[in-house]
Structure formats: C-alpha cells, structure tokens
Q: 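Dropping the structure in here first, questions after.
Any value given below was found using the heavy atoms of this structure, including those in side chains, with hydrogens, waters and symmetry copies removed.
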Amino acid sequence: RIKQSINPKSKIKGYVELNLLKKAEDTALSKENSMLKMMEQIEFIQAKKYNAGDIMILVRRNKDGKDIADYILDYSRSEKAKKDCNYSVISADSLFIDTNEAVCFIISCLKYLLDKNNTHAYTEAAMFLYRINVPVALQEISINLPDFYKEFDNKMHQAKENITAKTLSEITENLILIFELNKTEINIPFLTSFKDIVHERSQKISPDIWSFLEWWDEFGEKQTLKIPEKQNAITIITGHKSKGLAANFVIIPFCDWSL
C-alpha cells in the first residue's frame with residue numbers, strides 16, 4: 001500500500017490513478033496492453049477539453065520513448081484514431097528526424113534527383129509517399145497504381161524544373177510544397193527541423209545535393225527534433241530529463257520499476 005504525504009496547507013490538488021494490468025507471458029503483448037491503456041488515457045484527457053501539450057509521458061529509457069512515439073504515430077493513422085484528438089508527439093530524447101516518413105521521402109527524392117538512373121531511390125520515394133498519403137487502414141485495399149505513379153511522376157517532373165538554378169534549401173522547400181508533405185500535422189516538427197539542418201549544413205559545406213547526402217549518410221540518424229517549447233504536442237521524456245519540469249497530466253505506461 002502506497003500513500004502520498006501532502007502538506008495540508010497546500011492549495012494545489014491532484015489525482016493519482018493506478019491501473020494494474022495482468023502481465024502476459026509474452027513481453028511484447030504486455031507492452032502492447034500498456035500502450036493501448038495509455039492511448040485510452042490520452043483520448044480521455046483530450047475529451048475533457050485539455051490540450052495534448054498538457055500531457056507528459058514518462059519513461060526510463062530512450063528506447064522505451066522511441067517505441068511509444070512510434071506506437072502513437074502508427075495509432076494516429078489507424079482506424080482507432082479519433083478525429084478530434086491531437087496525437088502529435090515531441091521528445092528531445094526519443095524522436096529522431098530520420099524516423100519520419102516525410103523526411104525519408106525527401107532524402108529518397110534528393111537521391112533520385114541527383115541520379116535519374118537510381119531506380120531504388122525512385123521506388124523508395126514512391127513507397128514513402130504512398131504510406132504518407134494512404135491511411136494504414138486502407139493500405140491493404142487495392143488502389144489504382146498506374147494513376148498513383150502517373151501523379152507521382154508529374155509532381156517529380158515539377159520538382160526537377162530549373163533544379164540547377166535552385167539552392168538545396170529551395171529544392172527541399174519545393175518538394176514539401178509540391179507533395180504537400182506539411183498538410184499532416186505530425187510531419188510539421190520533423191520537416192521544420194530538417195529544413196533547419198539543410199540550411200545549417202548549406203552554410204558550412206558546399207550547398208549541393210551530393211555533399212548533403214554524403215553528410216546525411218554518416219550523421220543523419222543522430223539528428224533529433226528541435227522543439228519549440230510551447231508546441232501543442234504530447235511530451236515523451238525520460239525520468240532523468242524530466243527533473244524540474246511539470247505537466248498537468250503525467251502518464252507512466254511501463255511502471256514496473258522497483259520502489
């Protein structure tokens with residue numbers, strides 16, 4: 001039995017809820033059950049008219065944070081997601097830029113624009129665009145692939161126009177606008193951070209596609225989001241980094257720590 005001592009003179013009131021989940025023999029299933037309960041709490045809080053930015057998810061390890069971020073992103077594109085719920089997530093610990101499909105799409109496009117014979121980059125870009133535009137729930141349904149590739153080719157042709165006269169930053173911005181990558185709220189912080197990186201690298205190295213891609217291949221996986229402090233999104237953070245921070249709602253999905 002656990003009891004929290006509260007100063008009787010304190011005017012601040014709070015509420016603690018514990019949900020005990022039966023541990024499954026399969027560790028992955030236990031984790032899935034915990035995250036499903038976490039999603040219920042996120043949706044319940046927002047149904048009470050609180051913002052996503054009022055929610056903090058606390059984890060022990062960066063890996064747990066990344067798993068939760070990936071789960072929320074996948075959930076947000078599934079049939080279970082509620083239209084009036086904000087599933088945007090931010091974390092300096094856990095969210096790496098190269099995990100975002102819109103950023104991966106841009107990298108594949110840059111590789112193809114650099115070498116028109118790079119069929120692997122072309123196919124990869126088309127795959128990422130399909131996954132960005134088609135909800136997970138509909139991806140098993142047959143679509144008209146010829147029409148999809150025709151539209152993709154038309155837009156890629158627009159991206160190629162006057163490419164030699166454009167800077168890397170202009171090419172990147174052009175891809176975002178042509179393919180409407182920023183129409184999905186989840187992509188915006190990733191795209192903003194990616195554009196900042198492109199601009200910063202263009203100031204330090206030769207501002208061409210080849211030089212940037214060479215640098216990205218070596219250092220891209222280490223780049224994390226640069227988050228505006230007041231962005232309305234769920235914060236995922238480790239206990240170590242959370243010291244001194246506060247949130248209206250704190251969720252600890254994997255609370256199997258020793259007391």
Q: Strictly distance-based, threshold 3.5 Å: is any side-chain N or O of D217 a donor or acceptor partner for the main-chain N or O of E214?
A: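 Answer holds: no.
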Q: For residues P253 and I251, report the shortest heavy-atom separation together with the two atoms involved.
A: CD-O, 3.4 Å
Q: Could you state the interatomic distance from CD (Q223) to OG1 (T99), rounded to the nearest 0.5 Å?
A: 12.5 Å
Q: Determine the minimum heavy-atom distance between N19 and Q41, stating which atoms define it.
A: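 Looks like ND2-NE2, 4.0 Å.
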Q: Please check this pair: side chain of N232 against backbone of G53, looking for a donor-acceptor N/O pair closer than 3.5 Å.
A: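 Checked: pair present.
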Q: Before you tell me yes or no, could you show the steps for I106 and L191 under side chain to side chain contact (heavy atoms under 4.5 Å, CB included), namely the whole-Å CA-CA distance, both residues' side-chain angles and the distance that decides it to 0.1 Å?
A: CA-CA 10 Å; I106 293 174; L191 293 170; 3.8 Å; yes
Q: Strictly distance-based, threshold 3.5 Å: is any side-chain N or O of N154 a donor or acceptor partner for the main-chain N or O of K150?
A: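 Between the backbone of K150 and the side chain of N154 there is a qualifying donor-acceptor contact (under 3.5 Å).
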Q: Test your reading of the model: is there a side-chain donor-acceptor pair from S76 to the backbone of L73, 3.5 Å cut-off?
A: yes
Q: For atom NZ of K82, is the number of surrounding heavy atoms from other residues, nucleotides or ligands below 6.0 Å larger than 12?
A: no
Q: Please report the shortest heavy-atom distance between I42 and I57, naming the atom on each side.
A: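 For I42 and I57, the tightest heavy-atom pair comes out as CD1-CD1, 4.1 Å.
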Q: Check whether I188 and I90 end up in the same hydrophobic cluster, where Ile, Leu, Val, Met, Phe, Trp and Tyr are linked by side-chain heavy atoms less than 4.5 Å apart.
A: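 In one cluster: no.
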Q: Taking the six-membered ring for Trp, is the centroid-to-centroid distance between Y122 and F152 below 6.0 Å?
A: yes
Q: Does the K116 side chain pair with the main chain of L113, one donor and one acceptor, at a distance under 3.5 Å?
A: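 A pair under 3.5 Å: yes.
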Q: Out of M39, M38, K37, which residue meets the side-chain contact (heavy atoms from CB on, under 4.5 Å) rule with M35?
A: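 Of M39, M38, K37, side-chain contact (heavy atoms from CB on, under 4.5 Å) with M35 is met by M38 alone.
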Q: Please check: side-chain N/O of K166 versus main-chain N/O of T172, any donor-acceptor pairing under 3.5 Å?
A: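 Side chain of K166 to backbone of T172: no pair is present.
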Q: Do the side chains of I132 and F148 join up, straight or via other hydrophobic residues, at under 4.5 Å, putting them in one cluster?
A: yes
Q: Kindly indicate, with the supporting measurements, whether the criterion side chain to side chain contact (heavy atoms under 4.5 Å, CB included) is fulfilled by L114 and F212.
A: CA-CA 11 Å; L114 185 66; F212 177 77; over 6 Å; no
Q: Compare every heavy atom of D67 with every heavy atom of K31, then report the nearest pair and how far apart it is.
A: NZ-OD2, 2.8 Å
Q: Between I55 and Y50, is a side chain to side chain contact (heavy atoms under 4.5 Å, CB included) present by the stated rule, with each step listed?
A: CA-CA 9 Å; I55 303 170; Y50 289 95; over 6 Å; no
Q: Nearest 0.5 angstrom please: W210 CH2 to L168 CG, how far?
A: 14.0 Å
Q: Would the distance check show the side chain of E43 and the main-chain N or O of C85 forming a donor-acceptor pair, the cut-off being under 3.5 Å?
A: no
Q: Could you tell me whether K80 sits above the aromatic face of Y75, with NZ or CZ closer than 6.0 angstrom to the six-membered ring centre and within 45 degrees of the axis?
A: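 Verdict for Y75: no cation-pi partner in K80.
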Q: Rounded to the nearest 0.5 Å, how far apart are CZ of F128 and OG1 of T123?
A: 11.5 Å
Q: Looking at N100 and V103, would you say the former's side chain and the latter's main chain have a donor-acceptor pair under 3.5 Å?
A: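 Yes; at least one donor-acceptor contact below 3.5 Å.
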Q: Going by heavy atoms in the side chains, are I45 and D54 under 4.5 Å from each other?
A: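 They are not in contact (no side-chain heavy atoms under 4.5 Å apart), so the answer is no.
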Q: Answer whether the closest heavy-atom distance between the side chains of L129 and K155 falls below 4.5 Å.
A: no
Q: Shared ILVMFWY cluster between F219 and F190, side chains joined below 4.5 angstrom?
A: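 Looking at the clustering, F190 is in the same group as F219.
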Q: Could you pull out the closest heavy-atom pair between C109 and L175, with the gap in Å?
A: CB-CD1, 3.9 Å
Q: So how far is it from W215 CH2 to K204 NZ, rounded to the nearest 0.5 Å?
A: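 Rounded to the nearest 0.5 Å, the CH2-NZ separation comes out at 9.0 Å.
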Q: Going from CZ on R60 to OG1 on T238, what distance comes out if it is rounded to the nearest 0.5 angstrom?
A: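 Separation between the atoms: 11.5 Å.
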Q: Do M127 and F179 share a hydrophobic cluster, counting only Ile, Leu, Val, Met, Phe, Trp and Tyr and linking them when any side-chain heavy atoms are less than 4.5 Å apart?
A: yes
Q: Before accepting this row, confirm whether a basic side-chain N of the pair D115/K111 lies closer than 4.0 Å to the acidic partner's carboxylate O.
A: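 Looking at D115 and K111, the cut-off is not met.
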Q: Counting neighbours of CD on E170 that are heavy atoms of other residues, nucleotides or ligands and sit closer than 6.0 Å, is the number greater than 12?
A: yes
Q: Are Y149 and Y112 connected in a single hydrophobic cluster, I mean Ile/Leu/Val/Met/Phe/Trp/Tyr linked by side-chain heavy atoms less than 4.5 Å apart?
A: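 Yes; Y149 is reachable from Y112 via cluster members.
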Q: Heavy atoms only: give me the nearest S169-V198 pair and the separation to one decimal.
A: OG-CG1, 3.7 Å
Q: Determine yes or no for a side-chain-to-main-chain donor-acceptor pair under 3.5 angstrom, with N187 supplying the side chain and L181 the backbone.
A: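 The answer is yes, because a donor-acceptor pair under 3.5 Å joins these two groups.
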Q: Is it true that the side chains of D74 and Y87 contain a donor and an acceptor less than 3.5 Å apart?
A: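 Result is no, nothing qualifies.
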Q: If I take atom OH from residue Y130 and atom CZ from residue F105, how far apart are they, to the nearest 0.5 angstrom?
A: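 Reported to 0.5 Å precision, the distance equals 15.5 Å.
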